[in-house]
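Counting starts at 1 for both ligands and their atoms, in listed order.
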Amino acid sequence: MTSGESAYDPAKPFSGPVPGRARRRSQALAPFSREHHQALREAIELKRARQESADAVWQRFMQFWEQEGRPHFVEEEAVLLPAYARAADPNHPAVVRAMLEHILIRARIAAIGEQQQPVVDDLRELGAWLDLHVRHEERVLFPLIEDATGWTVA
Ligand SMILES: [Fe+2]
Ligand SMILES: [Fe+2]
């Protein structure tokens, strides 16, 4: 069991420390972790959405998604996970889960985008998924990638 796995409790996904505290990031993954901090802020905004603020929350999120979120997902899929697959078996539950969450988050964004008015519960649910996803990557996936690839702290 790695240090990342020991701290992770899937029954309490929101209970742990914020990303980056438990373990220093390798140089290769540090930019992704910095973007995760911003993603967590966006997740909080989504989870706080109310009827009156739904439009503004959605517009803010879409700006983040187009500028940072979508390219971040693409780079994880195109660079990080292939790097892991060169070093270890990508049929690992943590890798599969991350990919599934990418699909689910993209599907939810597309669904809200088709709504005439963003539905508050859908915004909050998207925020919860985004939060869960980032915490999974920070606590489980990134330590797994660092251990497999040998990427180390600078
Ligand atoms: Fe991701
Ligand atoms: Fe990520």
Side-chain angles (χ1 to χ4, degrees), residues 1-49 57-113 118 122-154:
M1 179 178 278
T2 68
S3 59
E5 284 168 342
S6 63
Y8 180 66
D9 179 357
K12 296 179 183 171
F14 305 110
S15 64
V18 297
R21 293 267 167 85
R23 171 171 166 162
R24 285 195 66 199
R25 275 285 160 262
S26 62
Q27 208 166 15
L29 290 180
F32 290 89
S33 284
R34 281 194 288 275
E35 290 174 359
H36 283 169
H37 283 277
Q38 184 59 37
L40 286 178
R41 281 193 282 273
E42 300 301 325
I44 288 169
E45 293 295 324
L46 286 166
K47 289 195 289 183
R48 286 180 182 158
V57 167
W58 177 240
Q59 280 180 21
R60 176 194 159 118
F61 176 78
M62 281 312 286
Q63 195 170 5
F64 158 78
W65 175 246
E66 294 300 339
Q67 289 177 359
E68 278 190 41
R70 190 202 297 271
H72 178 102
F73 273 37
V74 168
E75 203 164 354
E76 285 176 345
E77 293 164 9
V79 179
L80 281 193
L81 295 179
Y84 177 79
R86 289 177 64 182
D89 182 1
N91 187 25
H92 186 290
V95 175
V96 173
R97 174 177 161 181
M99 287 302 300
L100 284 174
E101 287 172 349
H102 279 201
I103 294 167
L104 281 169
I105 289 167
R106 283 190 163 114
R108 280 154 200 269
I109 291 169
I112 297 170
D122 291 353
L123 292 173
R124 290 179 178 171
E125 200 177 355
L126 175 62
W129 273 103
L130 186 61
D131 192 303
L132 197 64
H133 177 64
V134 168
R135 291 176 194 279
H136 168 64
E137 290 188 341
E138 285 292 329
R139 292 180 194 164
V140 184
L141 184 67
F142 280 16
L144 185 77
I145 291 173
E146 286 171 333
D147 288 344
T149 58
W151 291 343
T152 54
V153 175

(message) Going by side chain to side chain donor-acceptor pair (under 3.5 Å), name the residues that satisfy it together with R34, two or more places apart in sequence or in a different chain.
(response)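 None.
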(request) Assign the ring pair H72 / F32 to parallel, tilted or perpendicular, where the plane angle (0 to 90°) is split at 30° and 60°. (result)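 Answer is perpendicular, since the angle exceeds 60°.
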(request) Evaluate the ring planes of W65 and F61, with Trp represented by its six-membered ring, and classify them as parallel (under 30°), tilted (30 to 60°) or perpendicular (over 60°). (result)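 Taking F61 first and then W65, their aromatic rings lie parallel (interplane angle under 30°).
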(message) I'd like to know if the side chain of Q38 pairs up with that of R41 as donor and acceptor (distance under 3.5 Å, no hydrogens or angles considered).
(response)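 Side chains of Q38 and R41: pair found under 3.5 Å.
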(message) Please tell me whether H136 and E101 have a donor and an acceptor in their side chains that are separated by less than 3.5 angstrom.
(response)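 Side chains of H136 and E101: no pair found under 3.5 Å.
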(message) What protein N/O/S atoms are there under 2.8 Å from the Fe ion (ligand 2), waters excluded?
(response)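 Checking every protein N, O and S atom gives H36 NE2, H72 NE2, E76 OE2, E137 OE1.
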(request) Quick one: pull up CD1 in I109 and CG in L123 and give me the separation to the nearest 0.5 Å. (result)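 Those atoms lie 11.0 Å apart.
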